[in-house]
Structure formats: C-alpha cells, structure tokens
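Everything below concerns the one structure shown next.
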Amino acid sequence: MTGAENGAAAEQKFLIFGKSGWIGGLVGEMLKEQGANFEYASARLEDRAAVLADLDRVKPTHVLNAAGVTGRPNVDWCEDHKIETIRANVIGCLNLADICLQKGIHMTYYGTGCIFHYDQDKFAQGNGVGFKESDTPNFTGSYYSHTKAIVENLLKEYPNVLTLRVRMPIVPDMTYPRNFITKIIKYDKVIDIPNSMTVLPELLPLSLEMAKRKLTGIMNFTNPGAISHNEILQLYKEYVDPEFTWSNFSVEEQAKVIVAPRSNNLLDTERISGEFPELLGIRESLIKYVFEPAAANREETLKAVKEMRGR
C-alpha cells in the first residue's frame, strides 16, 4: 500500500445509523475490531435537522444505514403499524440518502431481498434462475416488503447509494432471536422451500469493503445458491443435535398461522461474486461459519438451544 493509499484509509470515517439494531451492532463491532474510525448516529432518520446535525458533527466519509423497522416479534407487526413503517423505512431512509448526496457522502443501505417471490415462468422454484439486481420486485405480500420495494426503487436514482439486498440473515449464535436458524429450530413445523440467504459473518465484512470501494446501485447480498429449511435443519441435526426432529407443512397451512405472506426466492449473485470471487456458496458458508463452530462447542450450543426451546 502506498503512502497516499495509507493516508486515504486513515481519513475514512464511518457513521452508523441503527445502533440498537442487529446489523448495526454487528457492523460497529467489526469496525471496532479493525481499529476503524467510526461513530453511531443519535438522530432518528425522519428527523432531518437531527440527521444534519449528526453529519456536521461527525463529518463522515461513509454512512452505513442499518436502521429501519422490521417488526417485533416479526414482520406481521408492520401490518398494524403502517405509518410507523412508512416513516422509518421510506421517509427516513430517503431523508438520509438525500442529505448524504447533498454533502457528497457515500451511503450503504442494508435493505432486503424479500421483495421477490418465485413465479411460474422464468423464476420458478428449482429452475436455478435467480432474480437479478435489475429485475422489478414482484412481492408485496407483506407491508414490510411493500415499503422496502418502494424505497429501493427510489434509492436507485441516488448516485451515492449502495443498496444491499439481505435475505434470511444467519449468524453462529443459534439462540439469537433474529437468526434465521434460531427461528426454524424453535418451530414445530416448517415449510421446505429453497431460498437465497445471507451468512453474516462472511458477508458483513464484504459490505465494509464495498463501502470503501464506493460501489453504488443494487447488490444481491447473499451467498451463491439456495438452501432449503430441511437442508439447514439436517445440518443442525448432523453437527449439533442427533436427536433433533421436525416436520413440514405447506405454504397454505403456514398461511393459517401468520398474518402476512412470506417471500421465497433465489437471487442472482453474479455481481457480488464478480467483486469477491472467493465468496462461498450458501451450504459451504453455513458449514464453515456456523455449523463447524457450533460442533466445536457442541455441548454448550446444545444446552443453550434446549434452554431456549424450553426442553
């Protein structure tokens, strides 16, 4: 690295929106481990004056937006809180992007890939063709996804913004409530549909590199390929709990116990694999970053999971 490059790196400063959120917290931990210069924002996204004050105070070179509303305990919350969802996921996000553009600051936005759904034509389940970054979202079954599709469509006009489509994020901690694996090992029944997913310990560091490269536009932020619920639970059985059992139900049966439909899709990963050829496929990434570490601490992992499940 040249002296000029060293200087450029030293001058980088990150401002994170979403301190209390899952991804925002993980991104902050990574930047801290890297010894990077970063701060958390204190402003709410929809408060333009407060956002301006944060940017003027911190003077960041990069903004990382991991803030927004997903709903608690899940996206069904958004169905009954539509104004709050619009305010955070649309108005607030656009507000931040607009201010960053005016100040010449690059913004990385952790969005969602849950804005697509398999159909009967080109993108049918099992045919191996994934939705590209240029494809128009076709899933608005949940209000959460509806607002995310709207804001993505508007953000693509901003030349300073990189939108990352996160899907069914996974971390090694199998008791963390937002972890996709945690969710499905708690259920008595699951659907069995292959999906694109995001293994955060592998992909989140790449998002910081993307920000440093000032990539823009839309990026399908998932590991290559798709994996089904049953395949993940089988890996859990093999690596953690040989006695684990589960059963399946249909999408129609699932619809009876949830408020809003769920998105199931495969996203094309040509762009992210072009930037990072070393990126592992979804199954290989899960084994390396999730299940092998769990197996190395099997007794501790199994005890924690059984306590979480109340068994």
Side-chain angles (χ1 to χ4, degrees), residues 16-31 64-78 89 93 108-116 130-131 139 142 144-145 148 152 162-187 190-191 193-211 218-229 231-233 235-236 262-267 269 272 276 279-291 293-294 305 308:
I16 305 171
F17 284 79
K19 179 179 181 179
S20 60
W22 181 23
I23 288 181
L26 291 174
V27 168
E29 289 174 11
M30 286 192 305
L31 287 170
L64 305 172
N65 180 17
V69 166
T70 57
R72 294 288 187 277
N74 54 47
V75 295
D76 286 342
W77 179 93
C78 299
N89 291 355
C93 186
T108 301
Y109 167 56
Y110 295 92
T112 183
C114 294
I115 52 178
F116 294 96
F131 291 93
F139 178 74
S142 72
Y144 165 79
S145 293
K148 290 292 191 174
E152 180 187 280
L162 172 66
T163 295
L164 300 177
R165 290 175 175 166
V166 179
R167 285 219 75 228
M168 297 178 170
I170 294 171
V171 292
D173 183 354
M174 295 183 187
T175 63
Y176 188 79
R178 305 278 307 276
N179 185 2
F180 178 75
I181 296 177
T182 302
K183 293 177 182 179
I184 62 174
I185 61 178
K186 288 174 64 177
Y187 297 151
V190 299
I191 59 171
I193 298 176
N195 271 281
S196 284
M197 301 184 189
T198 304
V199 180
L200 290 177
E202 180 175 19
L203 282 164
L204 274 186
L206 303 186
S207 73
L208 298 181
E209 179 59 29
M210 292 181 204
I218 297 169
M219 177 82 74
N220 288 337
F221 194 61
T222 62
N223 291 85
I227 193 166
S228 70
H229 297 57
E231 288 176 288
I232 290 178
L233 292 176
L235 287 171
Y236 175 77
R262 301 296 194 259
S263 159
N264 294 287
N265 67 53
L266 169 66
L267 298 182
T269 52
I272 191 170
F276 304 99
L279 183 62
L280 295 177
I282 182 61
R283 181 181 177 85
E284 293 75 21
S285 186
L286 283 170
I287 291 172
K288 178 178 179 178
Y289 290 97
V290 178
F291 288 109
V305 169
M308 175 195 69

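Since the model is a prediction, treat every value here as computed from it, not as a measurement.
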- Task: Let me see the working for Asn264 and Met168 under side chain to side chain contact (heavy atoms under 4.5 Å, CB included), right down to the final yes or no.
- Result: CA-CA 10 Å; Asn264 294 287; Met168 297 178 170; 4.2 Å; yes

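When all heavy atoms are compared, the tightest approach of Leu280 to Glu202 is N-OE2, 3.0 Å.
For Phe276, there are no ring-ring contact (aromatic ring centres under 6.0 Å, His included) partners two or more places apart in sequence or in a different chain. With sequence neighbours excluded, the residues that form a ring-ring contact (aromatic ring centres under 6.0 Å, His included) with Phe116 are Phe131. Applying the ring-ring contact (aromatic ring centres under 6.0 Å, His included) rule to Tyr289 yields no partners; only residues at least two apart in sequence or on another chain are considered.
To the nearest 0.5 angstrom, Tyr236 atom OH is 10.0 Å from Ile181 atom CD1. Atoms CZ and CG, on Arg167 and Asn195 in that order, are 4.5 Å from each other to the nearest 0.5 Å.
Using a 4.5 Å cut-off on side-chain heavy atoms (C-beta onward), Asn223 and Thr269 make no contact. The closest side-chain heavy-atom distance from Leu164 to Thr198 is not below 4.5 Å. Considering only heavy atoms from C-beta on, Thr222 stays 4.5 Å or farther from Ile282 through its side chain. With a 4.5 Å cut-off on side-chain heavy atoms, Asn265 and Phe139 do not count as touching.
Comment: Arg165 engages Glu152 in a salt bridge, judged by a side-chain N to carboxylate O separation of less than 4.0 angstrom.
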